[in-house]
Amino acid sequence: MKPLAAAALLAALVPAATFGQSAPSASTGPSARPGHESRDDDCGHPPAAAEARHRTDGHPRDRMDLSPAEAAAVERRLNRILDGLGPGKHGSSKGAGQRRAAQITIPVYFHVIHAGAKGNVSDAMIERQISTLNTSYGGGNGGADAHVSFTLKAVSRTDNAAWFGDPERYEGTYKPRLHKGGKSTLNLYSTYIGGDLLGWSTFPWKYKSDPQMDGVTVHYASMPGGSIENFNKGFSATHEVGHWMGLYHTFQDGCSGEGDRVADTPAERDPTNGCPSFKDTCPVPGEDPVHNYMDYSYDTCMTSFTPGQGTRIHNVWTAYRA
Ligand SMILES: [Zn+2]
């Protein structure tokens, strides 16, 4: 991490807190990034510290990092819910492949936020994005079939230069107006995102307290055929939807602790930049999972989810979105 980059990010967070819109649904404060667990999990870490932790030199993709304490709190709650469902209803959230889950089919409402011609992505590009999600989660690029598929239900288009120019600031405005469906419906927003970010998401355990804010936002130019070099195969949406279904980054907790709670993704100390031919940053066995969708590698480097991630997706779905 470059200290300067982290400082810049911390500085960038201050205006968001100052100018944030007041959302009709008040449980996500204007300075709280979606998915951030500072409110519910009493971890005691200031949000900015956790968010800035894995700033990289390349595209940071998002700020969906949890501190070890935040992740531990999420896992305790998840396991309580799953244990409450009784034996046979789920596999261990830490293990891989105990249960062959049924297919999850997710209806998608796609919301295009644009400024005139800028960001007004074509229907064909949206279809390609949905297709990319299906290929990614079906194991079509490599790795495991996560048994998750996506069906486009409708597209909305909103010409709003203010929203397009600062979707983080206006998130509490556009989401409640555009959001459709319930906890098992994916609302996917495309817009411009500044600061080299490629997207962000909400975690499933946030749905109950703030259903209108549920969803995934991606940079329109990260969609298949978009203009962001090395990040234009549509895997930003794949990555963010992974968070939306409860996956952590593969570098969660670094080399120590419990990592991403998936047994078949080797621990890695920090996010991957580019596409290294060899990277092994932790003493535990296994090279870093640089080709995994939940790392920060180039889109051109990403190929796969693991069976353990598929199992976690289905367990979290059972607990929070089924
Ligand atoms: Zn992420």
Side-chain angles (χ1 to χ4, degrees), residues 1 5-6 9 12-13 32-38 47-68 70-71 74 129 132-133 136-137 143 146 148 167-168 171 186 188-191 193-206 213-219 222-223 228 230-254 259-262 265 267-275 288-299 301-306 308-309 312-313 316:
M1 175 199 287
L9 178 56
L13 289 168
R33 286 300 300 246
H36 202 279
E37 290 298 308
S38 61
E51 285 165 354
R53 199 153 44 93
H54 293 298
R55 178 77 180 189
T56 69
D57 296 334
H59 279 281
R61 285 200 179 268
D62 56 34
R63 302 187 189 115
M64 303 293 296
D65 300 314
L66 279 70
S67 72
E70 290 169 327
V74 169
Q129 181 64 76
T132 295
L133 287 172
S136 306
Y137 283 87
V148 179
E168 296 180 72
E171 184 180 20
L186 173 62
L188 186 48
Y189 302 83
S190 73
T191 185
I193 303 174
D196 279 344
L197 284 183
L198 296 167
W200 72 85
S201 176
T202 55
F203 282 116
W205 39 90
K206 303 296 286 188
M213 295 296 282
D214 189 58
V216 166
T217 305
V218 294
H219 197 305
S222 76
M223 291 170 63
I228 303 177
N230 297 316
F231 295 94
N232 58 356
K233 295 184 70 170
F235 296 152
S236 288
T238 298
H239 176 105
E240 298 305 332
V241 171
H243 290 313
W244 184 79
M245 292 193 287
L247 295 184
Y248 297 128
H249 290 137
T250 47
F251 47 88
Q252 175 69 39
D253 286 8
D260 61 358
R261 271 71 175 183
V262 173
T265 53
E268 62 179 338
R269 187 186 59 215
D270 45 32
T272 301
N273 290 321
C275 193
D288 291 8
V290 301
H291 302 295
N292 195 279
Y293 295 119
M294 298 314 292
D295 202 344
Y296 274 6
S297 319
Y298 288 166
D299 278 16
C301 194
M302 290 181 158
T303 60
S304 49
F305 288 114
T306 65
Q309 285 174 316
R312 180 175 172 84
I313 285 170
V316 173

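We count ligands from 1, going down the list as the structure has it; atoms in each ligand are counted the same way. Note: hydrogens, waters and symmetry copies are ignored here, and every other heavy atom, side chains too, is used.
- Ring planes of F203 and Y248: perpendicular class, angle over 60° (limits at 30 and 60°).
- H243 contributes atom NE2 as its closest N/O/S atom to the Zn ion (ligand 1).
- Salt bridge status for D253 with R261: present, with a side-chain N to carboxylate O gap under 4.0 Å.
- Within H239, the N, O or S atom lying nearest to the Zn ion (ligand 1) carries the name NE2.
- Aromatic ring orientation, F251 versus H249: parallel (interplanar angle below 30°, classes split at 30° and 60°).
- Here the Zn ion (ligand 1) is the vertex; the NE2 atom in H249 and the OD2 atom in D62 give an angle of 140° (to 10°).
- No side-chain donor-acceptor contact under 3.5 Å links D270 and Y296.
- With a cut-off of 2.8 Å, the Zn ion (ligand 1) has no N, O or S atom of D65 in range.
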